[in-house]
Amino acid sequence: MMGKLTKYILLIVVCVVIPSALVWNFLPSMLGDYPKVYNIVHRVTAIYMTIVTTWLLISFANSFRALGEQHKLPHQQYLNSFISVLKIVLIFIAVIVVIAIVLDKDPSTLIAGLGAASAILMLAFQDTIKGLVAGIRLTSNNMLSVGDRITVTHAGIDGIVEEIMLTTVKVRNFDNTIVTISPQSLVDGSFQNWKGMVENKGRKVVRKFYIDFRSIGKDGDGVVNLTRYRQHMEQWLRQHPRVLKESIIMVHQLDATPTGLPLEFVFWLDEQTMPAFEEIISEIMEEAYSEAQTFGLRIYQQFPEQ
């Protein structure tokens, strides 16, 4: 990739930059006797060289961004933000230089005079400035990275971040629709980043149901049937092939309620995709419901009034 990039840049230099530099160098000897013509051609050549040089630098920056995306650099979003800012600065300087050439003024004089027009510039580039600040906050605080799965409920976003730019964050939803949202919206609002779940290689499950108090009692060995049931289900979960053994596995009571005694199941599954995840949970909880009966426990069910 670097070899192709080098050849591409050299081709641009040979085909575009060098000819304009040669014209610039030979202008005095060619048109020195024609001051008016020399002045016009001199300015046109200077403007052309400014535009070509700016284009070359922007192409060079874009090539670096493409190189980073190809190799999936870990801090690609920082590179994208830096390149975007650099391109804005290059274009701004090029515009100032071109205006200075046309007006036959010193570029530094024009830049100094921009202080009075700073309010207009701030207004014109307010979205870019806000996006830059928000993008820096997102990346510097490690709130968002390319490849993260995020959910933004109010914007209908639930997918993978593909690109983080100055003014937009591009997300591919799981239905393959592309959604864009501004970094400012993410910073000002709230969003859910599933990065922690993905890095842990598992997803937490918390489920509960209610035991009828009237079914709780001691068995022939003098042990409470609910105690045996909790211990049995914890052991069963530890042997389940899809439950992560190194994570928390717990079956415990919650505070008693008028509708029964809540029994909560807490564990982690090695599955993260929604359909398969829900299917495994359903199988586990169906087993829990069924086993409760073998221990003489009844799951509380409130019947509607007749």
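Using a 4.5 Å heavy-atom cutoff, the side chains of Phe277 and Val205 are in contact. Side-chain atoms of Val152 and Val171, non-hydrogen and from C-beta on, never get closer than 4.5 Å to each other.
The two residues Thr50 and Val97 come nearest to each other via the heavy atoms OG1-CG1, 3.7 Å. Shown here for Ala288 and Phe265, the closest heavy-atom pair between the two residues is CB-CZ, 3.8 Å. In terms of heavy-atom proximity, Lys204 sits nearest to Trp268 at N-CE3, 3.3 Å. Shortest non-hydrogen contact noted between Ala256 and Pro262 is CA-CD, 4.1 Å. Summarising the geometry of Thr259 relative to Tyr210, their closest heavy-atom pair is O-CB, 3.6 Å, with the distance given to 0.1 Å. Heavy-atom minimum distance, Pro183 versus Val169: CG-CG2, 4.0 Å.
Both Phe295 and Leu263 belong to a single network of hydrophobic side chains, linked directly or stepwise wherever heavy atoms of I, L, V, M, F, W or Y lie under 4.5 Å apart. Cluster membership for Val251 and Val224, using ILVMFWY side-chain heavy atoms within less than 4.5 angstrom, is shared. Under the 4.5 Å side-chain heavy-atom criterion for Ile, Leu, Val, Met, Phe, Trp and Tyr, Val95 and Leu90 are members of the same hydrophobic cluster. With hydrophobic clusters built from ILVMFWY side chains whose heavy atoms lie under 4.5 angstrom apart, Val179 shares a cluster with Ile150. When the side chains of ILVMFWY residues are joined at heavy-atom separations under 4.5 Å, either directly or via intervening members, Ile160 and Leu186 end up in two distinct hydrophobic clusters.
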Step by step, would you call Leu226 with Leu261 a side chain to side chain contact (heavy atoms under 4.5 Å, CB included)?
-> CA-CA 10 Å; Leu226 181 59; Leu261 181 65; 3.5 Å; yes
Run the side chain to side chain contact (heavy atoms under 4.5 Å, CB included) check on Ile284 and Trp236 step by step: do they pass?
-> CA-CA 10 Å; Ile284 289 176; Trp236 184 83; 3.8 Å; yes
How far apart are the C-alpha atoms of Phe191 and Ile181, what are their side-chain angles, what is the distance that settles it, and do they pass the side chain to side chain contact (heavy atoms under 4.5 Å, CB included) test?
-> CA-CA 11 Å; Phe191 67 96; Ile181 187 171; over 6 Å; no
For the pair Thr294 and Glu291, evaluate side chain to side chain contact (heavy atoms under 4.5 Å, CB included) and give the outcome as yes or no after the intermediate values.
-> CA-CA 5 Å; Thr294 64; Glu291 284 294 306; 3.6 Å; yes
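Not a single donor-acceptor pair under 3.5 Å links the side chain of Asp221 to the backbone N or O of Val223. Looking only at distances, no side-chain donor or acceptor of Ser290 sits under 3.5 Å from a matching main-chain atom of Glu287. Of the possible donor and acceptor atoms, one in the side chain of Asn225 sits under 3.5 Å from a partner among the backbone N and O of Gly217. No side-chain donor-acceptor contact under 3.5 Å links Thr168 to the backbone of Lys170. The main-chain N or O of Val266 is never found under 3.5 Å from a side-chain atom of Lys208 such that the two would form a donor-acceptor pair. Side chain of Asp212 to main chain of Arg214: a donor-acceptor pair is present (N/O by atom type, distance under 3.5 Å, no hydrogens or angles).
Using a 4.0 Å cut-off between charged side-chain N and carboxylate O, Glu286 and Arg207 make no salt bridge.
Ring centroid separation for the pair Phe213 and Tyr300 does not come in under the 6.0 Å cut-off.
Summarising the geometry, atom CD belonging to Glu283 is positioned 9.5 Å from atom CZ belonging to Arg242; distances are rounded to the nearest 0.5 Å. Between atom CG of residue Asp158 and atom OG1 of residue Thr151 there is a gap of 3.5 Å, rounded to the nearest 0.5 Å. Rounded to the nearest 0.5 Å, atoms CZ (Arg228) and CG (Leu297) are 12.0 Å apart. The CZ atom of Arg172 sits 8.5 Å away from atom OG1 of Thr177, with the distance rounded to the nearest 0.5 Å. In this structure, CD on Gln192 lies 12.5 Å from CG on Asp148, to the nearest 0.5 angstrom. In this structure, CG on Asp219 lies 9.5 Å from OG1 on Thr227, to the nearest 0.5 angstrom.
Residue Arg230 is tested with Gln253, Gln235, Met250 for a side chain to side chain contact (heavy atoms under 4.5 Å, CB included); the sole match is Gln253.
At most 12 heavy atoms of other shown residues, nucleotides or ligands fall within 6.0 angstrom of atom NZ in Lys218.
The aromatic rings of Phe209 and Tyr289 lie perpendicular to each other, with more than 60° between the two planes, well past the 30° mark.
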